[in-house]
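So the structure is just underneath, and the comments pick up after that.
In this text, all values refer to a predicted model and were calculated from it rather than measured experimentally.
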Amino acid sequence: FQHYYITNNLSMALPFLPGHSTNSNLGVDNFRKPHAFDMRNGVPVFVGEEKAGIGGKALPGQKIPPKSKIVPNGAGQPAPSWVVHDRQVLRFSAFFQEAVHEKREEKYRIRNCTILYYLEDDSIQVNEARQENSGIPQGTLIRRHRISQPPPNDDQFYTVEAFNVGNAVTLYGRNFTIKDCDEFTRNFLTKTGAKVPVAMSTEPADPYFVHRKNQAATMQPHRPYEKCDTLKQFLDNDRKVLRFYCIWDNSSEMFGDVRELVLHYFLADDTIEIREVIRANSGRDAAPKFLRRSKVPKEVGALHKPGEITERTILNVFGPMGHGGRYILDSLKTGAVDKSCYTDADLTIGAKVNVWGREVTVCDMDEFTAHHYASKFSVAKNTPIHYKQTEAAKIEREIPPYNGWGSEEDSRANCLKLIAQAPKRDFIKFMKKDRQGLDSHVLRFFARLDTNRPIDMDRTFIISFFLSDDTISVFEPEKRNSGIVHGKFIERSKIMNPSGGYYQAEDIYVGAVVNFRSHQFVITDADEYALSYAEQHKD
């Protein structure tokens with residue numbers, strides 16, 4: 001090592017001429033070629049311009065940044081920084097001085113900001129708190145990204161080593177002085193081995209900001225404005241509504257009657273809404289609202305001009321009306337229009353409310369409204385006033401007797417509704433009992449007329465009962481030289497029995513006597529399908 005040190009010193013002292021230079025590789029035993037990839041944040045990246053020469057020796061004019069890091073590795077398998085430092089941000093309080101040109105009131109400004117350093121990717125963000133009436137674009141001064149150092153080190157990015165209390169960093173030409181940091185940042189820097197100074201006790205004051213602050217503190221209006229604070233009332237009583245049941249007796253007018261109303265009083269803004277209770281078949285149009293939500297004045301007079309009713313009134317001191325005049329606040333309200341409106345203190349059971357010329361009587365209230373009056377005014381609920389009209393006796397609907405035209409169900413549908421609708425069929429029963437392959441679900445019986453007339457005693461009939469919809473059809477087969485026209489005797493339809501219901505499958509059997517449309521039949525026989533079906537369905 002001593003020989004190497006003497007050789008290097010001699011080469012530096014002697015001129016660079018033939019015979020006066022020495023071999024610089026004497027005593028060097030590391031001739032390894034450097035690697036082309038390096039690990040950064042746990043990801044292999046290309047070294048690039050930082051690649052050194054043979055043996056790790058810097059090339060002429062090359063500056064190799066130090067490979068050491070102040071953040072120690074933890075125990076276990078090393079992980080990339082975007083996993084270890086996920087959602088970890090260092091927060092620094094800083095300020096910078098900005099020059100102001102061509103302005104008499106101020107020469108410079110002191111702008112306070114916050115520097116956020118994201119450990120996962122070494123990105124930086126600078127935010128400035130917004131000040132009232134500053135006239136300066138504030139908010140995010142520098143968006144989050146990696147920022148390079150000022151020249152001549154502009155090929156390198158800022159790292160966590162450059163940030164500490166008392167340090168000055170240059171970001172895009174602005175010199176930020178770090179004056180303080182939060183508790184997490186202080187603990188993190190301490191764990192890395194850095195000494196974190198205490199927060200700066202004093203900082204340069206902004207003379208113009210101090211001047212404006214003192215000027216605003218000394219400004220007092222000669223006549224302070226009245227404060228009309230309705231926000232507290234809204235926040236305390238939002239969605240709290242008092243409900244009253246009222247009547248409006250309009251029977252003195254022609255075609256007038258007693259109208260039932262529901263009055264809603266909104267505690268949030270002292271407004272009233274009225275809805276009318278419209279009964280079924282009352283003959284009145286179902287209007288959505290009797291009175292839209294608004295304040296109701298106690299006295300109804302002539303309509304005021306626009307701008308005549310205001311929250312504050314002013315007096316013209318001198319000068320013309322409009323532009324160029326001088327006005328002051330009318331604290332005595334000499335020109336104010338007296339417009340008193342109904343409040344919750346005016347609404348009680350039995351009270352008369354003048355709703356734009358219509359006298360509405362309060363008859364009852366709900367439980368929430370009664371609790372409100374008991375808690376606020378210490379007033380118990382009075383006896384409600386009977387206001388509901390007695391309902392007229394319900395008239396039973398009479399169905400006219402069946403006249404024989406069409407089916408009885410179809411005739412009944414014309415009496416139940418104004419617009420007739422076809423009777424609904426039992427679709428599930430129709431799907432189960434409709435014809436399925438060899439099963440016709442039609443029961444056929446042989447019958448004769450139960451009569452003493454000689455001409456009708458020999459007539460035979462086939463009665464078909466359809467299980468899908470409980471309909472019956474009667475057919476008379478042809479008999480030669482009988483003198484009677486054969487064919488359809490009764491069309492397929494539902495037939496009522498003498499007890500008032502319709503004939504069912506269990507009502508038709510061998511030996512039964514049935515009455516179809518004033519014709520009495522005696523069942524004499526049945527086909528094999530009807531007999532087998534009756535055996536299978538004895539229940």
Can you find a pair of side-chain heavy atoms, one from [X] and one from [Y], that are under 4.5 Å apart?
X: Val296; Y: Cys341; answer: no
X: Lys298; Y: Asn354; answer: no
X: Leu141; Y: Asn127; answer: no

Does either side chain, that of [X] or that of [Y], offer a donor lying less than 3.5 Å from an acceptor on the other one?
X: Tyr373; Y: Asp344; value: no
X: Asp270; Y: Tyr265; value: yes
X: Thr369; Y: Arg243; value: no

Could you tell me whether [X] and [Y] make a salt bridge, using a distance below 4.0 angstrom between a side-chain N and a carboxylate O?
X: Lys339; Y: Glu299; result: no
X: Arg130; Y: Glu128; result: no
X: Glu120; Y: Arg146; result: no
X: Glu183; Y: Arg186; result: no
X: Arg293; Y: Asp269; result: yes

Looking only at heavy atoms, which two atoms of [X] and [Y] are closest? And how far apart?
X: Asn164; Y: Pro197; value: OD1-CD, 3.6 Å
X: Val100; Y: Lys103; value: CG1-CB, 3.9 Å
X: Ile178; Y: Ala94; value: CA-CB, 4.0 Å
X: Tyr158; Y: Ile124; value: CB-CD1, 3.8 Å
X: Lys433; Y: His441; value: O-CB, 3.0 Å
X: Ala287; Y: Ile278; value: N-CD1, 3.9 Å

Got a sec: does the [atom1] of [X] have more than 12 other heavy atoms crowding it under 6.0 Å?
X: Tyr108; atom1: OH; result: yes
X: Ile136; atom1: CD1; result: yes
X: Arg144; atom1: CZ; result: yes

#### Entry: Residue list, side-chain hydrogen bond (donor to acceptor under 3.5 Å, both in side chains) with Lys429, at least two apart or on another chain
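If we apply the side-chain hydrogen bond (donor to acceptor under 3.5 Å, both in side chains) test to Lys429, skipping adjacent residues, the hits are Asp470.
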Distance check, rounded to the nearest 0.5 Å: [X] atom [atom1] versus [Y] atom [atom2]?
X: Asp469; Y: Phe427; atom1: CG; atom2: CZ; result: 13.0 Å
X: Phe290; Y: Cys246; atom1: CZ; atom2: SG; result: 10.5 Å
X: Asp154; Y: Ile147; atom1: CG; atom2: CD1; result: 14.0 Å
X: His85; Y: Asp122; atom1: NE2; atom2: CG; result: 9.0 Å
X: Ile115; Y: Leu171; atom1: CD1; atom2: CG; result: 6.0 Å
X: His264; Y: Phe244; atom1: NE2; atom2: CZ; result: 10.5 Å

### Query
Is the distance between the ring centroids of Phe95 and Phe176 less than 6.0 Å?
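Aromatic pair excluded; centres sit 6.0 Å or further apart.
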### Query
Any idea how Phe368 and His372 line up, ring-wise: parallel (<30°), tilted (30 to 60°), or perpendicular (>60°)?
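Phe368 and His372: parallel rings.
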### Query
How are the rings of Tyr172 and His145 set to each other: parallel, tilted or perpendicular (split at 30° and 60°)?
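Plane angle between 30° and 60°, so tilted.
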[Y] backbone acceptor or donor facing [X] side chain under 3.5 Å:
X: Glu276; Y: Arg259; result: no
X: Gln421; Y: Lys417; result: no
X: Asn214; Y: Val210; result: yes
X: Thr114; Y: Ser93; result: no
X: His537; Y: Tyr533; result: yes

### Task
Would you sort out whether Leu263 and Tyr342 count as a side-chain contact (heavy atoms from CB on, under 4.5 Å), showing the intermediate values?
CA-CA 12 Å; Leu263 187 146; Tyr342 283 101; over 6 Å; no
By side-chain contact (heavy atoms from CB on, under 4.5 Å), which residues pair with [X], not counting sequence neighbours?
X: Asn237; value: Gln233, Lys240, Leu267
X: Glu98; value: Phe96, Arg109, Arg111, Arg174
X: Asn175; value: Thr170

### Task
With side-chain contact (heavy atoms from CB on, under 4.5 Å) as the test, would you mind laying out the steps for Val198 and Val165 before giving the verdict?
CA-CA 7 Å; Val198 296; Val165 176; over 6 Å; no
### Message
Check for me whether Arg425 meets the cation-pi criterion with Phe430, that is, NZ or CZ under 6.0 Å from the six-membered ring centre and within 45 degrees of the ring axis.
### Response
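Checked: cation-pi criterion met.
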### Task
Could you list the residues that satisfy salt bridge (charged side-chain N to carboxylate O under 4.0 Å, His left out) with Asp182, not counting sequence neighbours?
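Once residues adjacent in sequence are excluded, Asp182 has no partner under the salt bridge (charged side-chain N to carboxylate O under 4.0 Å, His left out) criterion.
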Name the atoms and distances for all side-chain donor-acceptor pairs under 3.5 Å in residues 28-37, with sequence neighbours left out.
unit_1	atom_1	unit_2	atom_2	d
Asn30	OD1	Arg32	N	3.2
Asn30	OD1	Arg32	NE	3.1
Asn30	ND2	Gly55	O	3.4
His35	NE2	Phe37	O	3.4

### Verdict with supporting geometry, Tyr245 and Val262, side-chain contact (heavy atoms from CB on, under 4.5 Å)
CA-CA 5 Å; Tyr245 302 97; Val262 177; 4.2 Å; yes
### Message
Run the side-chain hydrogen bond (donor to acceptor under 3.5 Å, both in side chains) test on Gln88 and Asp86 for me, step by step, so that the C-alpha distance in whole Å, both residues' side-chain angles and the decisive distance to 0.1 Å come before the verdict.
### Response
CA-CA 6 Å; Gln88 292 185 359; Asp86 184 26; over 6 Å; no
### Step-by-step salt bridge (charged side-chain N to carboxylate O under 4.0 Å, His left out) determination, Asp439 to Arg435
CA-CA 6 Å; Asp439 293 337; Arg435 184 180 184 90; over 6 Å; no
### Task
Decide yes or no on side-chain contact (heavy atoms from CB on, under 4.5 Å) for Val160 and Leu189, but give the supporting numbers first.
CA-CA 9 Å; Val160 69; Leu189 295 179; 4.1 Å; yes
